[in-house]
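Contents: one structure, followed by commentary.
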Amino acid sequence: MKLIKLAAFAAIAFTAPIFANDTIIPVSKETKDITTSLRDKAIKDDSAYEILKSLTTEVGARHPGTAGEKAGIEWGIKKLKALGFDKVYTEDVKMNGWVREVETAEILMPSYQKMVVTALGRSKSTPENGLEAEIVHFKSYADLEKSDDGSLKGKIAFISNRMERFKNGAGYGSANIARSKGHELAAQKGAEALLIRSIGTDDHRNPHTGATNVAMGYTAVPAVALSNPDADQLVRLMEYGHTPKIRLNIQTKDLGPIVTKNVIGEITGREFPDEVVVIGGHLDSWDLGTGAVDDGAGVAIGIATGAFIKNNVKVNPRRTIRVILWGAEELGLIGARAYAKARQADGTIENHIIGSESDFGAGPVYGLQSSDNISPNALHVVDTMAAIMGKLGVSRRSGNTSGGPDMIPLAALGVPAINLMQDGTDYFDLHHTPDDTFDKVNPEHMRQNLAVWTIFTFIAAEWPGSFR
Ligand SMILES: [Zn+2]
């Protein structure tokens, strides 16, 4: 034991892998056998589902700077300790808070109708009693770009393009620019406010909130999302030849500097305690729902995976499993950026052997992708993981990955990553809406996630070779 520990220290000092990765180290039969039996037990285990139930019921929404966020952090610490993690701690993260207070919209002309809207992240307020203006319709962000600067004085710019539905969420990126940068463009064109169709695939009367590209302070003009049926209503009115006039009242508050936390639980590695496998989800959520699919599910899967391995193996895996409940993801990966920056500064970034985040809802996993920077001599290990996951409906997929939103800062510093691809067909029906609640989650899917994540995490922590 002592000799092995010394070897581990030496390896860290020289920031080199434990075994030179010019040799292929097989996954032992014992490791494969343990993994298979863990899989077959996890697929009957409801702990991830139960953890998610507790978080979404006993805490609820967890938006930075609110009492709900504080309660979520306390919940995370308590839960990790209760489930037997070897080490539980938090790291403070400085940020600027923002909250919504009032958000209403009404069509005034041609006939009075209420609409359902929500402010986008860091939206500026309208004047205290709201503003009244006519709508100018653009079918896309690109169409708004084409209009003349200053041409929308006294008007509200309305972008109406609809996000397309795909299993892998591929419609999100292209639709998102209206949400993230539309406010700047609307201001440049002289508009009083920006109104967008929600970035979502549902037809329910729920608006989808979400971040803008603003890190501190406010958007350039009030920036608001309409529910899809309300966006359709405005489009139809215009097809009848009307120019709708609306009243918009948005009141929000910049909280100034606040402190959030990354909450961390570890299963200490028995041979290489300083080498870590990172898993988890983000603890913060938007304020409209209870953050069940985004990202209570990822939090629950991460906690359940660490606890399941700890409580179902005779000795801890070789490396440390670090479950990170990331803070303030929604407002711009704030916790993840602070974590990566600190590890870069203290040199421990090299000890991050591989990582992944679960942040795409609560659907079943169907694919396993690995990042391009994984050592070619470790790819057989990823293939072995996929083979053991095969019984659960998971297959090996091509394509590069950063391993999830909160892994992006670590991936940018060279940390290898894998992506456990979830079926997100319905994810953007619920994403960032009041409908993101526990009842939408299927317990069978949560068991499957636990089994899949257990396979990845156990092998990554137990296989003695390096993914770097
Ligand atoms: Zn998320």
Side-chain angles (χ1 to χ4, degrees), residues 59-73 91-105 117-131 133 156-157 176-196 198-199 207-226 247-262 282-289 291 294-295 326-339 341 405-406 409 432-434 436:
V59 177
R62 304 170 298 281
H63 182 66
T66 65
E69 188 210 27
K70 278 199 182 66
I73 290 166
E91 292 180 354
D92 284 358
V93 178
K94 287 181 192 149
M95 62 177 290
N96 263 56
W98 170 93
V99 289
R100 74 186 80 245
E101 289 177 337
V102 176
E103 41 190 25
T104 64
V117 297
T118 192
L120 299 178
R122 306 209 70 93
S123 173
K124 185 179 178 177
S125 300
T126 59
E128 212 175 322
N129 297 312
L131 62 88
I156 294 172
N176 223 350
I177 188 163
R179 191 186 83 194
S180 62
K181 294 171 75 178
H183 70 100
E184 284 173 346
L185 192 57
Q188 186 189 322
K189 304 303 177 184
E192 301 284 316
L194 170 76
L195 200 54
I196 64 165
S198 281
I199 311 301
H208 298 237
T209 190
T212 59
N213 62 341
V214 180
M216 279 166 67
Y218 294 110
T219 54
V221 292
V224 181
L226 281 167
R247 182 190 295 133
L248 198 59
N249 187 7
I250 302 295
Q251 303 302 325
T252 64
K253 200 157 88 184
D254 187 316
L255 301 178
I258 60 169
V259 174
T260 185
K261 290 177 196 293
N262 291 323
H282 64 85
L283 189 53
D284 68 306
S285 76
W286 281 106
D287 46 344
L288 303 181
D294 189 14
D295 183 27
W326 302 100
E329 186 269 352
E330 296 291 3
L331 289 164
L333 316 181
I334 296 167
R337 289 184 207 281
Y339 176 93
K341 205 175 158 192
D406 289 303
H432 300 178
T433 76
D436 180 3

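We're numbering straight along the sequence, starting at 1. Atoms considered below: every heavy atom in the structure, side chains included; atoms not considered: hydrogens, waters and symmetry mates.
Here the side chain of Arg179 pairs no donor or acceptor atom with the backbone of Ile199 at under 3.5 angstrom. Judged by distance alone, the side chain of Thr209 and the main-chain N or O of His432 form no donor-acceptor pair under 3.5 Å. A donor-acceptor pair under 3.5 Å links the side-chain atoms of Thr219 to the main chain of Lys124, judged by distance alone. For Ser198 (side chain) and Pro207 (main-chain N/O), no donor-acceptor pair under 3.5 Å exists by modelled atom type. A donor-acceptor distance shorter than 3.5 angstrom exists from the side chain of Asp284 to the backbone of Glu329, with no hydrogens or angles considered. Under the 3.5 Å distance criterion, the side-chain polar atoms of Asn262 are matched with a main-chain donor or acceptor of Gly327.
Rounding to the nearest 0.5 Å gives a distance of 6.0 Å between CZ of Arg62 and CG of Leu283. Leu331 contributes atom CG, which lies 8.0 Å from atom CH2 of Trp98 (distance to the nearest 0.5 angstrom). Distance check: Lys70 NZ to Ile258 CD1 gives 7.5 Å after rounding to the nearest 0.5 Å. Between atom CG of residue Leu248 and atom OG1 of residue Thr104 there is a gap of 7.5 Å, rounded to the nearest 0.5 Å. Taking CG of Asp295 as the start and NE2 of His282 as the end, the distance is 4.0 Å to the nearest 0.5 Å. The line from NZ of Lys181 to CG of Leu194 is 13.5 Å long, rounded to the nearest 0.5 Å.
Qualifying side chain to side chain contact (heavy atoms under 4.5 Å, CB included) partners for Ala336, counting only residues two or more places apart in sequence or in other chains: Trp326, Leu333, Asp406, Pro409. The side chain to side chain contact (heavy atoms under 4.5 Å, CB included) check on Glu192 picks up Leu131, with sequence neighbours excluded. Scanning for salt bridge (Lys or Arg N to Asp or Glu O under 4.0 Å) contacts around Lys189 gives Asp149, with sequence neighbours left out. Glu103 is linked by a salt bridge (Lys or Arg N to Asp or Glu O under 4.0 Å) to Arg100, counting only residues two or more places apart in sequence or in another chain. In this structure, the side chain to side chain contact (heavy atoms under 4.5 Å, CB included) partners of Asp436, at least two apart in sequence or on a different chain, are Ala292, Val293, Asp294.
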Open item on the list: Would Glu330 and His63 count as a side chain to side chain donor-acceptor pair (under 3.5 Å) here? Give the steps.
Closed with: CA-CA 9 Å; Glu330 296 291 3; His63 182 66; over 6 Å; no
TODO: Under the side chain to side chain contact (heavy atoms under 4.5 Å, CB included) rule, what do Leu195 and Leu226 come out as? Steps first, then yes or no, please.
DONE: CA-CA 7 Å; Leu195 200 54; Leu226 281 167; 3.9 Å; yes
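Across every non-hydrogen atom of His183 and Val221, the tightest pair is O-CG2, 3.6 Å. Scanning both residues, Pro222 and Ser125, for their nearest heavy atoms gives CG-O, 3.6 Å. Of all heavy-atom pairs spanning Asn96 and Ala215, the tightest one is CB-O, 4.5 Å. Here the shortest heavy-atom pairing between Ala178 and Ile196 reads O-CG2, 3.9 Å. Taking all atoms of both residues into account, the shortest heavy-atom contact from Ala328 to Thr260 is CB-CG2, 4.0 Å. Summarising the geometry of Ala187 relative to Ala220, their closest heavy-atom pair is CB-CB, 3.6 Å, with the distance given to 0.1 Å.
Side-chain contact between Leu255 and Val99 is present, with at least one heavy-atom pair separated by less than 4.5 Å. Side-chain contact between Thr126 and Gln251: present, with at least one pair of heavy atoms (C-beta onward) separated by less than 4.5 Å. Between Leu288 and Thr118 there is a side-chain heavy-atom pair separated by less than 4.5 Å.
Within the structure, salt bridge (charged side-chain N to carboxylate O under 4.0 Å, His left out) pairs that include any residue of residues 247-257 comprise Glu101-Lys253, Glu106-Arg247, Arg122-Asp254, Glu132-Arg247 (at least two apart or interchain).
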